[in-house]
Amino acid sequence: MLILGIETSCDETGVALYDSEQGLLAHALFSQIDMHADYGGVVPELASRDHVRKLLPLCDQVLADAGRIRGDIEGITYTAGPGLVGALMVGGSVAHALGFALGVPVLGVHHMEGHLLAPMLEDNPPAFPFVALLVSGGHTQLVLVNGIGEYEMLGESVDDAAGEAFDKTAKMLGLDYPGGPRVAALAENGTEGRYRFPRPMTDRPGLDFSFSGLKTFTLNTVSAAEKAGGLDDQTRADIALAFEAAVVDTLTIKCRRALEQTCSKRLVIAGGVSANKRLRAGMEKMADKLGAGVFYARPEFCTDNGAMIAYAGCQRMKAGQRDGDRIVAVPRWPM
Ligand code: KG4
Ligand code: ZN
């Protein structure tokens, strides 16, 4: 089955062609980051308009790259939520219009299920069951994955997502949006041990997270440094490192607990923050001690992309799921 996957939930227009027998054939992404950078974050209306401009050209590009034509497409899947409603509507409308014109089935899929299954696109994908840490700009969740659609929530953030904390920390340090990769780059020059940030909710049992206190701790540290004579480059790097180390430690501690609690030997990390090198290294070290394996997607498939939506949608379409006539766009949607 040849599936066209469409992702437009936020500020990346992603399209991919996935074949259930041959695997991923082509993928293309247009990032709107430069357009939103002047505003310090995503402007929903601008995002929708740009998806309108880019989506069909990207569809043609992946078809050309794969040496296929529109008539070869056997199913279309798109991100139905969660996300910005206008942006979701663009992907859903194009998916349904194309599906109607080509006479092929259409299915809206959950964006976080896309992230969760993205490591399946790599060589040596994990077997079910596994524990998954979903860490993106909007979500921080620990999930026991028994199969496609068989998800048991083990824990989640009671306030901010880890990616959101990265983005806010970046702002405090004068870095551009999106902050995660920029905080990580700045932290490379940081001095170990100059600052020690808290590891929230690790001193009590359970698998939930909280990152809003860490954000406040960062703000207070930045303010104190400013008062004490200025926020020089070294101090900014030291704060970035202390923040990153605190997030990585916190996530690693909870993942270790989740692996122990479920007696699982496989850990998937997925979503934008799973591209973080320090996080990957921390997880590998922890899992090594437990004799467990860590699985993640290549960096470009950690952040938003069309390939994960094509893959997740293909699995669900193979199980017979279809949308019907209605375009589905669900801004808030628990997995
Ligand atoms: O999964 P994603 O692309 O979009 C959502 O579904 O939210 O995740 C975006 C988030 C942003 O908060 C971004 O700052 C963060 O992932 N991120 C990173 C890194 N790359 C992206 N955070 C830390 N280190 C990175 N290398
Ligand atoms: Zn995402």
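Computed from a predicted model, the values in this text were never measured in an experiment. Start at 1 and go down the list; that is how both ligands and their atoms are numbered.
With a heavy-atom cut-off of 4.0 Å, His115 touches ligand 1 through its side chain alone. Residue Asp167 touches ligand 1 through its side chain alone, judged by heavy-atom distances below 4.0 Å. With a 4.0 Å cut-off on non-hydrogen atoms, Glu12 does not touch ligand 1 at all.
Interatomic distance, Leu24 CG to Met120 CE, rounded to the nearest 0.5 Å: 15.0 Å. To the nearest 0.5 angstrom, Asp238 atom CG is 10.5 Å from Asp233 atom CG. Remark: Thr252 OG1 to Arg199 CZ distance equals 10.0 Å, nearest 0.5 Å.
For atom 22 (N) of ligand 1, the choice among Gly180, Ala187, Gly163, Ser274 with the nearest heavy atom turns out to be Gly180. With Asn305, Asn276, Asp304 as candidates, the residue nearest to atom 4 (O) of ligand 1 on a non-hydrogen basis is Asp304.
In this structure, atom 21 (C) of ligand 1 lies nearest to the protein heavy atom Gly272 O, 3.3 Å. Nearest non-hydrogen protein atom to atom 7 (O) of ligand 1 is Gly137 N, 2.8 Å.
Here the two rings, on Phe243 and Phe217, have centers that are 6.0 Å apart or farther.
Taking the six-membered ring where tryptophan is involved, the planes of His111 and His115 are perpendicular, since the angle between them exceeds 60° and thus also 30°.
The nearest N, O or S atom of His115 is closer to the Zn ion (ligand 2) than 2.8 Å.
Here His111 contributes NE2 and Asp304 contributes OD1, and at the Zn ion (ligand 2) these two atoms make an angle of 100°, given to 10°.
Distances between N or O atoms of Gly271 and those of ligand 1 include no value under 3.5 Å.
At least one heavy atom of His111 sits less than 4.0 Å from an atom of ligand 1.
Open room surrounds OH on Tyr39; 12 or fewer heavy atoms of other groups in view lie less than 6.0 Å from it.
Here the side chain of Tyr311 pairs no donor or acceptor atom with the backbone of Ile309 at under 3.5 angstrom. Not one N or O on the side chain of Glu164 forms a donor-acceptor pair closer than 3.5 Å with the backbone of Gly138.
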